[in-house]
Protein chains: 2
Amino acid sequence: MTVTIRDVARLAEVSIATVSRVLNRSKPVSPELEEKVMKVVDELGFNPNPVARTLIMKESLLIGVLIPDVSNTFISMFVRGIEEELFQNGYTALLCNTNSDTKIELHYLDLLRKKYVDGIVLLTSAPKPEQIQFFKKHKIPVIFSSHTDKDSRFSCINIDDYQASYDAARYLIGLGHRSIAFFCGPMEYYQTIRRFDGYKQALADHGVDYRAEWVFDKDYDIDSGYNSGMELFAREDRPTAICCVSDMVAIGAIRAAEDSGLGVPEDVSIMGFDDIPIAGASRPRITTVRQPVYELGTRSAQMLLRQIRGKEQYKREAIVLPHEIIERESCRALTT
Amino acid sequence: MTVTIRDVARLAEVSIATVSRVLNRSKPVSPELEEKVMKVVDELGFNPNPVARTLIMKESLLIGVLIPDVSNTFISMFVRGIEEELFQNGYTALLCNTNSDTKIELHYLDLLRKKYVDGIVLLTSAPKPEQIQFFKKHKIPVIFSSHTDKDSRFSCINIDDYQASYDAARYLIGLGHRSIAFFCGPMEYYQTIRRFDGYKQALADHGVDYRAEWVFDKDYDIDSGYNSGMELFAREDRPTAICCVSDMVAIGAIRAAEDSGLGVPEDVSIMGFDDIPIAGASRPRITTVRQPVYELGTRSAQMLLRQIRGKEQYKREAIVLPHEIIERESCRALTT
DNA sequence: CATGATTAGGTAAACCTTTTCCTGTTTCTC
DNA sequence: GAGAAACAGGAAAAGGTTTACCTAATCATG
């Protein structure tokens, strides 16, 4: 049925070793034999069985991609970046949605290892001891894409969440805002914490009061933004601006503002985060902190590939990609 | 380093065949030996190497997922549905972005086959002869999720694009609109054609004029909707409503309307398609045709799994999931 | 009690490669 | 021209499993 190296060897009247050598250029073969082999290879349309290859070489051309949830636009753009780069290099992505559940993450990690994936890109809510443990034990190349694990031995890539959030808050302060709420994600998330810290520091550095009752830690999606917004806008004492942890949250918050009879940015300025495509097309266009998410993906893959190819002499890399404030329409200057 | 079946056999003082039998229950083994084997398995934490297993059994617990582009929200939700179902059943998804490029599709198809994937979910812009050829040649279980290939032998799942588009147009007609534009995708896409046909038929059935200059075939994204909108709204002769081929196109079109000084739905009614989360949160909330996309994903996976397990006696299935018009704010009744 | 059927468990082939090790020939060097 | 070195190419092992095939023992049946 399927044509094997054996068939090629037989028809080309050489040993299977020679066929393998021709195909992999692993050892010189005389021009005559090489030609003979290649002719038969072409005729039969022979392709080495990658599974057999994996078994012996312990490399699968497979990369595990662990993410909380592809259906999140930000993440799916990230994945797209990874996949693009992998495809260019002959690798394929094994997609694993974890919901940031440690149990599932570990389950997948183990599965990936057994499938001999050549490397793993890990996007997780927080660095977890079990994961660190796993990668210390099994020397599988890995890129952490969620957090800068400063004292860790593993490579990582991300933006400076702290600074980005700091910049967002400072931007609002620069616009004259002195009462700024923060719609963030769950506090167990590393990113949430970093961004929260940046926000608080920006307030502190500029003499703006921090108010705990203006911090809402729900999730990164539209509904969370909406619910936080409805809750906040129902109060007498409202801030003039809101820093959101994602564009989706911002969209929900804007929606809530409208449903509460408030205009954006006239009555409240709302700041997003991520800069997903919708941010530039929604009404109002969302002022946001842009993350180079696609590039985050491609670069992750590049780093991982470097690590896989470099093997022993590969040195840990920690890359921080620049963020950028994109001024649009959802935030206005306060003219008091 | 890694513990193999050989190690287990040696420590349990049985043959490797017996170990395999205990683990796979492929042949009865006496209780004493079974216990002995299981004890060693637990002690060593032995896990059969799935690659070796794949090589011999020609099954990998891997499913290829071919899609145009994950970063499209609709698609990423679909993928999520698939992955969820696969995970429940111990399978993992191999993600392949094709950009609907036949070359890349074929490349991936061949790659997946060589990796012994147990099945493939195929989301493509149109059924292509090369694909049909491929699946006729290699008997790999497959679910076509893009089109109802009526006379084909392959299973498929989707909504009724024709009817859905028909219903959308009719809905607008029911609202009193008599001049309805159509913002669709490339005409090589099967879905585009189906929906275009539905739109035209609805017009015809209700005595509404069809105007070729009101059909814009660009793409499924925001920019396409925006560009089509800007082009259309610049004209003197404008329709009172637009049927869009996706919510993203609708968002772009709404944006264009605003940038052209037109209100939605006061001046133009704009209808979406898909009902992605953003549709219910944007301004105005988008009236749209809901596709049960997540379910499309889970059901695809279920069908595929059935096919994989059923093997020979599996019968082709063609499932059509219901669509639904979700009335929101972007379309208004015309009171003449 | 003898014969045939059933059963547990072992041996080794098979899956399809890559690569080590070996052999026989050619080339180089003094 | 002899010995060493270099080289091409083949045989076979290795990678880790499953399973076909075989053997020996147990069981049932007439």
Side-chain angles (χ1 to χ4, degrees), chain A residues 1-41 44-62 90 110-111 113-118 138 311, chain B residues 1-38 40-41 44-62 90 110-111 113-118 138:
Chain A
M1 189 64 226
T2 58
V3 30
T4 76
I5 196 173
R6 220 169 228 94
D7 303 323
V8 178
R10 191 156 20 79
L11 262 83
E13 298 171 308
V14 298
S15 73
I16 55 172
T18 302
V19 178
S20 176
R21 279 166 195 150
V22 169
L23 258 29
N24 300 313
R25 313 207 154 283
S26 48
K27 226 181 148 188
V29 170
S30 73
E32 308 91 75
L33 285 195
E34 170 156 355
E35 194 192 349
K36 236 162 92 180
V37 168
M38 285 314 291
K39 202 169 148 228
V40 177
V41 165
L44 299 185
F46 169 69
N47 278 117
N49 179 324
V51 177
R53 222 161 175 284
T54 297
L55 183 59
I56 195 166
M57 306 195 66
K58 272 124 178 47
E59 82 167 29
S60 59
L61 296 180
L62 251 33
D110 217 56
L111 187 78
R113 181 182 59 80
K114 287 194 287 179
K115 288 207 188 289
Y116 288 116
V117 294
D118 295 343
H138 313 285
K311 279 288 166 209
Chain B
M1 188 65 223
T2 58
V3 28
T4 76
I5 197 172
R6 226 172 221 95
D7 303 323
V8 178
R10 191 157 19 81
L11 263 82
E13 298 170 306
V14 297
S15 74
I16 56 172
T18 302
V19 178
S20 176
R21 280 165 194 151
V22 169
L23 258 29
N24 299 314
R25 313 206 156 286
S26 49
K27 228 180 147 188
V29 170
S30 72
E32 307 91 76
L33 284 195
E34 169 156 358
E35 195 192 348
K36 237 161 93 179
V37 168
M38 285 314 291
V40 177
V41 165
L44 298 185
F46 169 70
N47 278 115
N49 180 324
V51 177
R53 223 162 174 282
T54 296
L55 184 59
I56 196 165
M57 305 195 66
K58 273 124 178 45
E59 84 166 29
S60 59
L61 296 180
L62 250 32
D110 215 56
L111 188 77
R113 181 183 60 79
K114 287 194 287 179
K115 288 207 188 289
Y116 289 118
V117 294
D118 295 343
H138 314 286

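Quick note on labels: first sequence line is chain A, next is B, and so on, each numbered from 1.
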Query raised in the report: When you measure from the side chain of B:Ala52, which nucleotide among C:dC16, D:dG16, C:dG9 comes out closest?
Result: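 It is D:dG16.
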>> Looking only at the side chain of B:Ser15 (C-beta and beyond, no hydrogens), which of the listed nucleotides D:dT17, C:dG10, C:dT17 gets closest?
In response: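 For B:Ser15, the side-chain atoms sit closest to C:dG10.
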Subject >> Spacing of CD belonging to B:Glu34 relative to CZ belonging to B:Arg25, to within rounding of 0.5 Å >> reply: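 Answer rounded to 0.5 Å: 5.0 Å.
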Ignoring backbone atoms, test whether [X] places a side-chain nitrogen or oxygen under 4.0 Å from the OP1 or OP2 oxygen of [N].
| X | N | answer |
| --- | --- | --- |
| A:Thr4 | C:dC15 | no |
| A:Thr54 | D:dG15 | no |
| B:Arg53 | D:dT18 | yes |

Fill in: Passing option when A:Met38 is tested against A:Leu23, A:Leu33, A:Val8 for side-chain contact (heavy atoms from CB on, under 4.5 Å)
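Testing each of A:Leu23, A:Leu33, A:Val8 against A:Met38, the sole residue satisfying side-chain contact (heavy atoms from CB on, under 4.5 Å) is A:Leu23.
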For [X], which contact category applies under a 4.0 Å heavy-atom criterion: base, sugar-phosphate, or nothing?
| X | result |
| --- | --- |
| A:Asp7 | nothing |
| B:Pro50 | nothing |
| B:Val51 | nothing |

Need to verify one output field. Residue with the more 5' nearest nucleotide on DNA chain C, B:Pro28 or A:Val19?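 First, find each residue's nearest nucleotide; the 5'-ward one identifies B:Pro28.
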Legend entry - B:Arg53 versus B:Asn24, side-chain donor and acceptor atoms under 3.5 Å: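 Side-chain D/A pair, B:Asn24 to B:Arg53: present.
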So which heavy atom on A:Ser26 is nearest to which on A:Ser20, and how close?
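Where A:Ser26 meets A:Ser20 most closely, the heavy atoms are OG-O, 4.3 Å.
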B:Lys115 NZ to C:dC15 P: how many Å, rounded?
->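 B:Lys115 atom NZ is separated from C:dC15 atom P by 21 Å.
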key: Divergence of helical axes at both termini of the helix from C:dC1-D:dG30 to C:dC30-D:dG1 - five pairs an end, 10° steps   =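 Helix axis angle between the two ends: 40°.
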- Side-chain contact, heavy-atom cut-off 4.5 Å: A:Tyr116 with B:Asn49?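 Answer yes - side chains close enough.
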**Asked** Does some side-chain heavy atom of B:Val51 sit less than 4.5 Å from a side-chain heavy atom of B:Thr54?
**Response**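 The answer is no, as the side chains (C-beta and beyond) never meet within the 4.5 Å cut-off.
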Protein heavy-atom contacts under 4.0 Å, written 5' to 3' over nucleotides 19-27 of chain C as B (base), S (sugar-phosphate only) or - (none), form the string BBB------
